[in-house]
Each structure stands twice: as structure tokens, then as C-alpha cells.
Amino acid sequence: MSLSTPGRTLLVARRPGAFPTIGDALLEASDGAVITIAGGEYAETVEVAGLRVTLAAAKGASVVIDGRGADRPVVRSLGGGLVLDGIELLADTSSAVVADDTELVMDRCTVSGGRGPAIILRGTVGFALTGCVISAAEQGIVVDGAPGRIEDTTVEDVTGDGITIGSGADPVVRNCTVTGCGLRGFYVYQYARPVIEDCVISNAGHEGIAVAHRSTPVLKRCRVSEVGGSGIAFGSGCGGSVTACRVENTAEPGISISDSATATVTAAAPAGHGASGDFELDDMLAELDAMIGLPGVKEEVRALVDELQVNEWRRRAGLPVGTAGHHLIFAGAPGTGKTTVARIYGKLLKALGVLPAGQFREVSRRDLVGQYIGHTAEKTATVFEEAKGGVLFIDEAYTLTRLAGSGGDFGQEAIDTLVPLMEEHRDEVAVIVAGYTGEMVDFLAANPGLASRFGKTIEFENYSPAELLAIFARMASAGDYELDPGAGPVLTGHFGRVSGDVNFGNARDARLLFEKARTAQAQRLRLLGRMPEVEELRGLHVADVEAAIAR
């Protein structure tokens, strides 16, 4: 009896009724097949041609494909589509993965060893590498013309270049770490046009990012440090842009641009100036501005920054500066961005030189309140000490009051402990308390000196339906989903109906609805009976949104 029914799952395992090797399963697989591999080591190499197939580790299993000793790649694919999910690949005398004109998807895979590049992606078909780790190879990843994306991936301890992008390729490389490269972290050449953003490059023998042969990359918010050459170098005839990138502890100049290059540099920190307060301040304010909505909150925070900046200028000029506390009250409904703004505020205080560290410590009642008299004071004092130098953010602070009816005097003990600490260490920490507007009034009445410890109350208004739609759309885009434009009116109408509910969670509810829509899409695609195309995997339809709303 054949096991190659289209779309059927084939099992590789060392037991009766299963295929003993991956190669055996591939011989029986038809287009769209999913091959589930039981835990274990499989000493073989895999070749796929013109077939769309998934190789996935069984749930919770550790699967190793060991191609060491073979004179060919561990996995070779030509045409079609190949998904590698949760698999470890071992190579030594050849590359681990070679994909030619293949729609390759690698998720949570580990690649070790190999002569030449560990992963080679060639052709004009899209690819996606997510959450992978590549190490101990001669080179890391080579993208030769192919479009696609590399996200949340680490390339480490390679003797040559970490990631090479050439032949006009225009992939997006996001949130990746490239470290321990004998040559360059990134090498961009032959008219390549990648977008490289939010990546960390360190400990390379030569340049962190080298651009050559008329390439025009877009570099955003990358950090380059501890490299033997310049942090970022543009060769003759190259263009592109560098925006908000940090370069430190590199050869001089930190950013090198050839006389005939046309690359532009915006808000970048040169070598040796990576801790520039002005750079960090601009970076944090840009992060604040990028948040959806909250115009009043943004205005209040900018006013605080302006005041602190002027105070610092007065101090440098030898002029008197009044005592300024940094403690704030964030009032408003849940899901309105209070935690995110508190994090940014801590970074702003660090950039301004007001606080030395700017770290963020988020706590709630259970982190402060003990189980017996005296225990609460000890816990609260410990938490406060750990927060020194940064921000102590107390969410739902009103639950500490007697009026909240959630523990009475023990919560009051936490408040009574905080009040003198906030005054004594007002220059060393910023305490931000958050909660519903009405309940925060009761909180401030819990101790006679509490209200005076806070310099300002910032009110966080509920998001409008249009803003919630924008938040939902941003979540979809961040997850590489394409939201059907027809879903906009459906979402706006839904948010308009539910936003008046007492327990409405604003962005939290938008996040929950997005996750439900993803689930609905997954259920819809599973019924296709075949492996979906990339565009189908990305598409979030009106029906998915309607199903999520109905749940």
C-alpha cells in the first residue's frame, strides 16, 4: 500500500510501519507531502528536485541529519519548495544546505560545520530563514540573487564572512546576530540591495559591514562593535543609506565612505562615540514617535525631556538647577501603552545623563507584598534597591491600598516603605505607578506624603477604532502577514462596538484578536490538503478576521 497520498503526512521513525530513512520517505512523497521525523540521528544526505515538501521534527523531538563525510551537501534542493522545521544539520566537507531556485523555508534549524558556505541560496525564488543558528563553518549564509528574509538568526564562529549578499539580491535581514567572523560580518556586493535592520555585528576580523561593486544597502538601527576594520565601509560607486546605526570600538573611521560613493548617513554614532547622549536621545524619541496614537502622552514626555535637557545645560554652565524628581503617575485603562512608554522614559533618562543605567524593573503587588508583618518591608526595599539607576514600574499600584480590599495592611506596608525611599533616592531612580484613573486617586490617598512624591500625572486615553486598526495592521506586518484591505472596515466596526465595554483592553484586545485571526487562517489553510504557496501563508483574509471576531 502506497503512503504517498497527496498532502499526506509521512512518518520517519525506527519502528514498524514507518519509513526508516528520510530518503525512503522522499521516494514515496508526492507534491505537498509533510514528512514528520521522529527524534534521533540520521546519517544521510537529502536531495529534493521539483517537489514541494516539508521536513519537520516531531513535536518535542531532537532530529539530527548528519551528512558529515559525504562529498555533497547535507540538504540539496532544486526547484519546487522545501520547508525545514526544527532540524539540526551537521556538515564537514561540503555545505549544509544548497537551494537553487527553491522556495526554501527554514524555521528554528541549527547548522554546524561545512566547507564553504553553510547555507547557499541561489536563483530568483523567495526564501525565509527564521530563528536559525549557523556556526563553525567556513562561511555563514550566501544569498546569490534570491529575494527573501532572514530574521532572528545567529551566525557565529565562522572563518570567513558571516552573511554574504550578492548578484542584485534584495533580502530583508532583521534582528540577526553575526559574531566571531574571521573576515567580515556582512559582505554586500555585485549590485545587491538588501535591507539590514536591527542587527548586531561584533568580533569580526575585518569590516563589520562591507559594501562593494555598486551595491546600495539600506542599513537601519544596526550595532557594530569590536571589529578589526571600519564598522561600516562603502566602496567606490556604492550607495544606500545608514540610519541610526551605532559603531564603536572599531578601526578609524568608524563609518568609511569612498570618495565616489553616494551613501547617506543619518543619526549615526561614529567609532568611539557609541554612548553619545544626543544619539541615544534621538533614538528614544524616534521610538516614542513611532508608537501609534497617544498624542497627549508624547507631548507630556517631550516636555519632560525638554526640561531635563535645559537643566543639564544650566548645570554645565554653572547655573543653579532646582531639585527635580522623576517619579510619575501613568493613569488610564489597560492596553494603552503605559508599560512601553515607561521603558522609553527610562532610556531617555539614561540618554540625558539623569540616571546611570536606565534599566526597567516591572513589578506588581505580588512582588512587593509579603505574607507576614515585616516581610513586605523587606521585599519592597529589595525591589527598590534592584531598580536603582533605572525605572521601577509598579503596575496596578492601586491594589496595594486598603481600599482595594486585596490584603489590607500588608499592601499598605509596601506603600509606607516606598514613600521615604522615593524621597531619599529621588536622584537615583524613577518610580512610575500605573493604573485606572479613578483607582489611582485612592492610591494617592493611602499615605499623606505619597502624592507629593510624584511630579506629574500623565493620562493615557483609550485608542480610537482607527488607531486600533493601525495597531492590528502593524502586528500583521511585523509577523509578515498581508492584511486584506477589506478587513479594515470589519475591524473598525468591531473595535467601535467593543471599545465601550468596561473590561475593554485596547491594544491587548487587538493583540488577542490578531492571534485568533492567525488561528483562523491556519485552520483555513490546513483544509487545503496541500502545502500553501508563500502568498497564501502571508494572506490574512476578511474571513479570518470575521472568524476571529465570532470566537
Side-chain angles (χ1 to χ4, degrees), residues 89 91 95-99 104-107 109-123 126-213 215-235 238 240 242 245 247:
L89 305 168
S95 295
V97 178
V98 176
L104 176 70
V105 175
M106 292 181 65
D107 185 29
C109 293
T110 300
V111 178
S112 300
R115 180 168 299 169
I119 299 175
I120 302 176
L121 305 161
R122 294 188 292 232
F127 67 88
L129 271 60
T130 307
C132 296
V133 177
I134 295 94
S135 64
E138 285 188 355
Q139 299 178 55
I141 301 170
V142 170
V143 181
D144 190 6
R149 57 188 175 89
I150 306 172
E151 295 183 326
D152 302 310
T153 289
T154 297
V155 177
E156 58 188 4
D157 300 329
V158 297
T159 55
D161 295 325
I163 297 179
T164 301
I165 303 170
S167 301
D170 60 351
V172 174
V173 186
R174 181 182 296 124
N175 294 327
C176 293
T177 298
V178 180
T179 185
C181 301
L183 294 178
R184 297 154 292 205
F186 280 83
Y187 181 44
V188 182
Y189 76 116
Q190 288 183 344
Y191 299 90
R193 299 168 289 121
V195 175
I196 303 173
E197 57 186 13
D198 299 307
C199 291
V200 176
I201 303 100
S202 63
N203 297 303
H206 294 271
E207 296 87 355
I209 302 174
V211 184
H213 306 142
S215 295
T216 55
V218 174
L219 312 177
K220 300 179 181 178
R221 300 179 302 278
C222 292
R223 296 190 178 188
V224 184
S225 64
E226 306 294 342
V227 300
S230 293
I232 302 172
F234 287 83
C238 294
V242 180
C245 291
V247 177

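Throughout, numbering of the chain's residues begins at 1 and tracks the sequence.
Rounded to the nearest 0.5 Å, atoms CD (Glu151) and CG (Asp107) are 10.5 Å apart. The SG atom of Cys245 lies 8.5 Å from the CZ atom of Arg221; values are rounded to the nearest 0.5 Å. Rounding to the nearest 0.5 Å gives a distance of 8.5 Å between CG of Leu129 and SG of Cys176. In this structure, Ile209 CD1 and Ile232 CD1 are separated by 4.5 Å, a value rounded to the nearest 0.5 Å. Atom CD1 in Ile163 sits 8.5 Å away from atom CD1 in Ile201 (nearest 0.5 Å). Considering CD1 of Ile134 and CG of Asp157, their distance stands at 12.0 Å, rounded to 0.5 Å.
Between Leu219 and Phe234 the shortest side-chain heavy-atom distance falls below 4.5 Å. Contact of the Pro117 side chain with the Thr164 side chain is not registered, since no non-hydrogen atoms from C-beta on lie closer than 4.5 Å. With a 4.5 Å cut-off on side-chain heavy atoms, Met106 and Ile119 count as touching. Side-chain atoms of Val133 and Glu156, non-hydrogen and from C-beta on, do get closer than 4.5 Å to each other. Between Phe186 and Val173, some side-chain heavy-atom pair lies under the 4.5 Å cut-off.
Of all the heavy atoms in Val227 and Asn203, the pair that sits closest is CG1-N, 4.1 Å. When every heavy atom of Ala96 is checked against every heavy atom of Val111, the shortest pair comes out as CB-CG1, 3.3 Å. The two atoms that bring Ala99 and Leu104 nearest to each other are CB-CD2, 4.1 Å, heavy atoms only. Gly182 approaches His206 most closely through the heavy-atom pair O-CD2, 3.7 Å. Across Gly123 and Pro147, no two heavy atoms sit closer than the pair O-CD, 4.4 Å. Gly160 and Cys181 make their closest contact through O-CB, 3.5 Å (heavy atoms, listed as atom of the first residue, atom of the second, distance).
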What's the verdict on salt bridge (Lys or Arg N to Asp or Glu O under 4.0 Å) for Asp198 and Arg174, showing C-alpha distance, side-chain angles and the deciding distance? CA-CA 6 Å; Asp198 299 307; Arg174 181 182 296 124; 5.6 Å; no

Under the side chain to side chain contact (heavy atoms under 4.5 Å, CB included) rule, what do Arg122 and Val98 come out as? Steps first, then yes or no, please. CA-CA 8 Å; Arg122 294 188 292 232; Val98 176; 3.5 Å; yes

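More than 12 heavy atoms of other residues, nucleotides or ligands shown are found within 6.0 angstrom of OH on Tyr189. Atom CZ of Arg149 sits in a crowded spot, with more than 12 heavy atoms from other residues, nucleotides or ligands closer than 6.0 Å.
Between the side chains of Ser167 and Asp144, at least one donor-acceptor pair of N or O atoms lies under 3.5 Å. Looking only at atom types and distance, the side chain of Ser202 has no donor-acceptor partner in the side chain of Ser225 under 3.5 Å away.
None of Ile141, Ile165, Leu121, Ile150 except one satisfies the side chain to side chain contact (heavy atoms under 4.5 Å, CB included) rule with Pro171; the exception is Ile165.
The pair Arg184-Asp161 meets the salt-bridge criterion, with a side-chain N (NZ, NE, NH1 or NH2) lying under 4.0 Å from an Asp/Glu carboxylate O.
Checking side-chain atoms of Thr216 against main-chain N and O of Gly240 turns up no donor-acceptor pair under 3.5 Å. Put simply, the side chain of Glu138 gets close to the backbone of Gly116: a donor and an acceptor are under 3.5 Å apart.
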